S.K.: 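For reference, the structure I am asking about is given below.
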Amino acid sequence: MVNSSIPTPATRKPSKVEGIKERSSFLREPVATELLQDTTHFTEEAVQILKFHGSYQQDNRDNRVKGQEKDYQFMLRTKNPGGLVPPQLYLTLDRLAEEYGNQTLRATTRQGFQLHGILKKNLKNAIAAIIENLGSTLAACGDVNRNVMAPPAPFKNRTDYQYAWKYAQNIADLLTPQTGAYYEIWLDGEKAISAEEDPAVKEARQKNGSGTIVHEGEEPIYGTHYMPRKFKVCVTVPEDNSVDLFSQDLTLVVMLNQQELQGFNVYAGGGLGRTHNKEETFARLADPICYVDKEDVYDIVKAIVATQRDYGDRTDRRHARLKYLIHDWGVDKFRSMVEKYFGKPLQPFQPLPEFKYEDFLGWHEQGDGKLFLGISVQNGRIMDDEKMQLRTALREIVEQFNLPMRLTPHHNVIFYEIEPEKRQAIEGILSRHHVEADPNAIKPLVRYAMACPALPTCGLATTESERIIPSVLDRIEALLDKVGLSNEHFIIRMTGCPNGCARPYMAELGFVGTGPEMYQIWLGGSPNQTRLAQVYIEKMPLNNMEAEFEPIFVYYKQARQAEESLGDFCDRVGFPAIREFATNYTPQAIEETVQPASDEFTGNGIAVIKTPVSNGKLRSRHRISIRDDVYDKLKAIGTREGKTLTAMVNEALETYLKDQL
């Protein structure tokens, strides 16, 4: 029961989802019943509860046919605290992707894996296989604590990193739903063998403190209705912002004294999801809240969770995240309420050094004589194609060397516990399958970019993201070459909707989908992801990208300070100055730029054709798709005859049109 000394929020009509949770018998129904039915999909009510079990019902929009049933399929998401993936689990996921999925795995920005394309009839077998092989999907989605993140670098000689991994796992255990529904449904009631919980976690889950525990039902921390919305947690160390700590609901920073754990600094109230044209929804950075001694860390986590559980908005789900509660109350009132649940005064937040972002790609010493290797996974998609057989390469490495893996918050993978004498063999496997092990050989724009899956399977997406970003990066690279910034790079992130799964609001340059081939443009985030970007363009057709970005890049080149990044520059000079420069800017004349074979989802080259300058402005910009073989022939003829591709394409089209008219 909630402590009677703590005032309860005013009674308001709860959202429909709150009723669904209440009727679910602690996440059992209607999933258990509908799973046995010979149908291709679940009802709307079951879909809401299925999320708590780690799965989203989707349909492939590429395969929609008018008048026919949707192409229903399911996405499964794993929960891997700190990104840890044992070799046995990885090989199981790889097998499931082949047998039941779409032959790909996707590393997420929260250090888990997603399997796409699973049919309802195969859902139980897939989840059971994950559980039986040291994995879980429980609470990877839904109105609960999601996967607890931690820095992925496996430094064995850094006690702060060791503590970060330990407490990420322990907090994940503390906040895992206690209902028996998960094992009843997916393993017919047989709970899988798993690592023993830390005794302190068990004790903390039952310790009431000052109203943090719910005594009725199966969920001592969550209660019947679980959380108002998803709740995201990370644990990190001073200076390491590989986890995007300011975007989390709750962040703990390990604080040492002479290599001994003393306690944690606590941040709360970050979150990036928002809705277009709804100013009451917004991205927000987490605030410093307090410092807590190590003995009290689980109590402070429970106090913050209980505050959000009991006072978060359960009427308007767009307003239900912890960030809105802190925004509405103010940090001081929030601290005061947390203090009541905590049961004693909060200690002041301790000073910290600046946070920095690092992706840990390439070879590194892990501190005990062994090595770790960070491998770039473009947009997190582990797959085989004609260019690179990444999925085969990773599978061979795990099979031959039995290596554990840590997923990174930048959706890359890290192999560790590598004996130095195995390095050459691992590099041989990667080379044979055309996987680049040297991060310096990867284009920087590609290395630091992220995109969400978006179309065709995400039901929230309004436009492309993962499938279009390779061609977008090619176009930005060409534009940087044109204006004399060939060696520049910056953090680019793209999402197909405003929910922000690839964290575009923390990027130096963010694309947020607003409609078909239309994006909201955000500028001014920090290269270390410590500052929010701001909206620069509300709606930009993708075809206008060069026209909009060229003056920004030219102004950046002319007015930047030494070593200043694009995001820092935009933040320093401000948008009024950038817009004034863009208004008075005369675009440079340019021949066409052609980007072949970058559009993987169509298999076609993309030609970006720009007409010459007229009256100081480019008259138009058009994009056409051409097959790779046609492009190669045109390029060869143009080289031989000294003609531009634009000229040849226009000549051919004019001839064709004469014949048609």
Side-chain angles (χ1 to χ4, degrees), residues 51 55-64 70-77 97 101-110 112-118 140-141 230 244 247 272-276 281 283 377-383 385 409-411 445-446 448-476 491-507 509-522 533 537 539-543 545 598-604 606 623 625:
K51 294 176 183 179
S55 181
Y56 280 87
Q57 180 171 288
Q58 302 178 330
D59 76 284
N60 189 328
R61 286 191 248 178
D62 285 350
N63 297 338
R64 282 185 181 176
K70 294 177 180 179
D71 182 17
Y72 287 108
Q73 52 188 252
F74 294 81
M75 179 268 280
L76 268 180
R77 181 182 295 155
N102 65 356
Q103 290 76 54
T104 77
L105 286 169
R106 197 176 196 280
T108 75
T109 57
R110 290 201 67 79
F113 270 125
Q114 288 183 176
L115 283 164
H116 292 263
I118 299 173
C141 322
K230 57 190 173 184
D244 257 349
S247 67
L272 302 185
R274 46 178 292 278
T275 303
H276 288 313
T281 68
V377 183
Q378 190 168 2
N379 300 312
R381 185 69 65 180
I382 297 175
M383 59 185 288
D385 59 25
H410 204 75
H411 55 210
L445 285 178
V446 174
Y448 296 106
M450 288 202 298
C452 71
L455 297 177
T457 54
C458 178
L460 300 174
T462 61
T463 190
E464 298 283 357
S465 182
E466 180 185 340
R467 300 196 297 189
I468 201 70
I469 196 172
S471 61
V472 169
L473 295 177
D474 284 346
R475 291 168 63 186
I476 291 175
I491 305 293
I492 300 174
R493 293 175 177 175
M494 173 180 276
T495 58
C497 84
N499 281 321
C501 292
R503 303 193 286 271
Y505 309 117
M506 304 297 291
L509 173 57
F511 292 76
V512 180
T514 61
E517 296 192 23
M518 190 78 67
Y519 296 85
Q520 191 178 63
I521 302 301
W522 291 64
I537 301 174
K539 289 187 176 182
M540 183 194 79
L542 199 58
N543 283 346
M545 185 173 70
S598 61
D599 199 351
E600 295 180 1
F601 72 99
T602 63
N604 296 337
I606 297 295
R623 298 177 65 236
S625 297

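Computed from a prediction, not measured in an experiment: that's the story for all the values here.
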S.K.: Is the backbone of Ala502 close enough, under 3.5 Å, to the side chain of Thr495 for a donor and an acceptor to pair up by distance?
M.R.: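 Checked: no pair found.
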
S.K.: Calculate, to the nearest 0.5 Å, the distance between atoms OG1 and CG belonging to Thr281 and Leu272 respectively.
M.R.: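 Here the rounded value is 12.0 Å.
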
S.K.: Looking at Gly101, is its backbone amide N or carbonyl O close enough to the side chain of Gln103 to form a donor-acceptor pair, meaning the two atoms are under 3.5 Å apart?
M.R.: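 Yes, the answer is positive, given that a donor and an acceptor are paired below the 3.5 Å cut-off.
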
S.K.: Without swapping roles, check the side chain of Thr104 against the backbone of Arg381 for a donor-acceptor pair under 3.5 Å.
M.R.: no

S.K.: Passes side-chain contact (heavy atoms from CB on, under 4.5 Å), Leu115 versus Leu105? Steps please.
M.R.: CA-CA 6 Å; Leu115 283 164; Leu105 286 169; 3.3 Å; yes

S.K.: Only counting residues at least two apart or in another chain, list the ones meeting side chain to side chain donor-acceptor pair (under 3.5 Å) with Asn379.
M.R.: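 Side chain to side chain donor-acceptor pair (under 3.5 Å) list for Asn379, sorted by chain: empty.
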
S.K.: So Leu542 and Arg475, side-chain contact (heavy atoms from CB on, under 4.5 Å) or not? Walk me through it.
M.R.: CA-CA 11 Å; Leu542 199 58; Arg475 291 168 63 186; 3.8 Å; yes

S.K.: First locate atom CD of Gln58, then atom NZ of Lys70, and finally report the distance between them rounded to the nearest 0.5 Å.
M.R.: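 The CD atom of Gln58 sits 12.0 Å away from the NZ atom of Lys70.
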
S.K.: Would Met518 and Thr462 count as a side-chain contact (heavy atoms from CB on, under 4.5 Å) here? Give the steps.
M.R.: CA-CA 9 Å; Met518 190 78 67; Thr462 61; over 6 Å; no

S.K.: About how many Å separate CZ of Arg77 and OG of Ser55, when rounded to the nearest 0.5 Å?
M.R.: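 Nearest 0.5 Å value for the OG-CZ distance: 9.5 Å.
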
S.K.: With heavy-atom distances below 4.5 Å as the criterion, would you say the side chains of Tyr519 and Ile468 are in contact?
M.R.: yes

S.K.: How long is the gap from SG on Cys501 to CE on Met450, to the nearest 0.5 Å?
M.R.: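 Between atom SG of Cys501 and atom CE of Met450 there are 10.5 Å.
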
S.K.: Which atoms form the tightest heavy-atom contact between Asn499 and Tyr505, and what is the distance?
M.R.: N-OH, 4.5 Å

S.K.: Would you give the length of the straight line joining atom CD of Gln114 to atom CG of Leu76, rounded to the nearest 0.5 angstrom?
M.R.: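 Output value for this atom pair is 9.5 Å.
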
S.K.: Does the side chain of Pro456 come within less than 4.5 Å of Arg64's, by heavy atoms?
M.R.: no

S.K.: Check Pro453 against Glu466 and note the closest heavy-atom contact, atom names and distance.
M.R.: CA-OE1, 3.4 Å

S.K.: If we only count heavy atoms from C-beta on, is the Lys539 to His276 side-chain gap below 4.5 Å?
M.R.: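 No, their side chains stay 4.5 Å or more apart.
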
S.K.: If I compare all heavy atoms of Pro498 with all of Gly513, which pair ends up nearest, and what's the gap?
M.R.: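 Reported closest heavy-atom pair: CD-O, 4.1 Å.
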
S.K.: Trp522 versus Arg493: any side-chain heavy-atom pair under 4.5 Å?
M.R.: no

S.K.: Any donor and acceptor pair, going by atom type alone, linking the side chain of Thr109 with main-chain N or O of His410 inside 3.5 Å?
M.R.: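 Pair absent, no side-chain N/O of Thr109 close to backbone of His410.
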
S.K.: Provide the closest heavy-atom pair for Ala533 versus Ala507 in the form atom of the first, atom of the second, distance.
M.R.: CB-O, 3.5 Å

S.K.: Where do Cys497 and Ala461 come nearest, in terms of heavy atoms and distance?
M.R.: CB-CA, 4.2 Å

S.K.: Could you report the tightest heavy-atom contact between Cys458 and Arg61, atom names first, then the distance?
M.R.: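 That would be O-NH2, 2.5 Å.
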
S.K.: Quick check for you: to the nearest 0.5 Å, what is the distance between Ile382 atom CD1 and His411 atom NE2?
M.R.: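 Ile382 CD1 to His411 NE2: 10.5 Å, rounded to 0.5 Å.
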
S.K.: Tell me, with the steps shown, if Ile476 and Leu509 meet side-chain contact (heavy atoms from CB on, under 4.5 Å).
M.R.: CA-CA 11 Å; Ile476 291 175; Leu509 173 57; 4.1 Å; yes

